[in-house]
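One structure is given here, and the rest of the page talks about it.
Numbering of residues begins at 1 and proceeds along the displayed sequence. Whatever order the structure lists ligands and atoms in, that order sets their numbers, starting from 1.
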Amino acid sequence: MPLIVDAHCHLDHKDFSEDIDQVIDRAIKAGLGHIITNGVEPETNRIALGLARRYAIVRPALGIYPIDAFRNEVAANEYPLKLEPFDVEEEIAFIEAHKDDIIAVGEAGLDYATGDKREEQRELFQKMIELAGRIDKPLVVHSRKAELDCVDMLDGSGLKRVMMHCFMGNFRLVRRIAEKGWYISIPTNVVRSEHFQKIVQEVDLSRLLTETDAPYLSPFRDRRNEPAFVVESVRKIAEIKQMDQKEVANNLFLNFQRLFL
Ligand SMILES: [Zn+2]
């Protein structure tokens, strides 16, 4: 069986604090070759680096998430860490200093659903785009209710190595992303999300990747998501594309290598 990739998750989340060893173990047994864990601010960025030092399968992406959106998630108890005020420029310098330790810049992007201060968000995202370009790393992009602005900004930047994570935008934008040669990662909730099933249908396999966004977006109701479950995305893509699962996994792994390695 070819190597399977979870191209986006959050292993720093408190939901993994009790059994991270077993989570990693199950991922290896499920056939995963790489797990990309994403930091979103200083504390989680450092945890991501620590996890990568501890587990060979874990590759860290460091980012700065739309700050207000993150603050709201923390306030709503969706994210376990307190958001301490921090200096954006200092954190960008930290990421840059660790460029040889990381596989990507991210998670970064725009979130107009839970975050306000749109102009500030765009300024920060522009800095993250420039950072990715400067250190020559792929950019992992989050966009919520801000898909057009995200795609426009990326397009204007000329950045080539881009992964749109959990992309909920319309199909005109989906096609634009594919035409740009960027990638769309298919989360495990594709097993029931018609939106992602349609993306799989419409987008060429050469533009797709798989992710869990664990602990979120579980393929199983009422069950925490974890990297091993990314197999469910591969299975669903194979079903929709009417291809052999192994062949799909092979293609997806090639995509991962092209974008990230
Ligand atoms: Zn995420």
Practice item. State whether Phe260 and Arg59 meet the cation-pi test: NZ (Lys) or CZ (Arg) under 6.0 Å from the six-membered ring centroid, and within 45° of the perpendicular axis. Key: no

Review point. Is the number of heavy atoms from other residues, nucleotides or ligands within 6.0 Å of NZ (Lys82) greater than 12?
Key: no

Exercise for review: Test the Arg122-Phe125 pair against the cation-pi criterion, namely NZ or CZ under 6.0 angstrom from the six-membered ring centroid and within 45° of the ring axis.
Suggested key: no

Check your understanding: If you draw the axis of the six-membered ring of Phe94, does the NZ or CZ of Arg46 fall within 45° of it and under 6.0 Å from the ring centre?
Key -> yes

Check your understanding: Mind checking whether the Zn ion (ligand 1) has an N, O or S of Cys166 under 2.8 Å?
Key -> no

Exercise for review: Would you mind naming the N, O or S atom of Asp213 nearest to the Zn ion (ligand 1)?
Suggested key: OD1

Exercise for review: Could you tell me the angle subtended at the Zn ion (ligand 1) by OE1 of Glu107 and NE2 of His8, rounded to 10°?
Suggested key: 90°

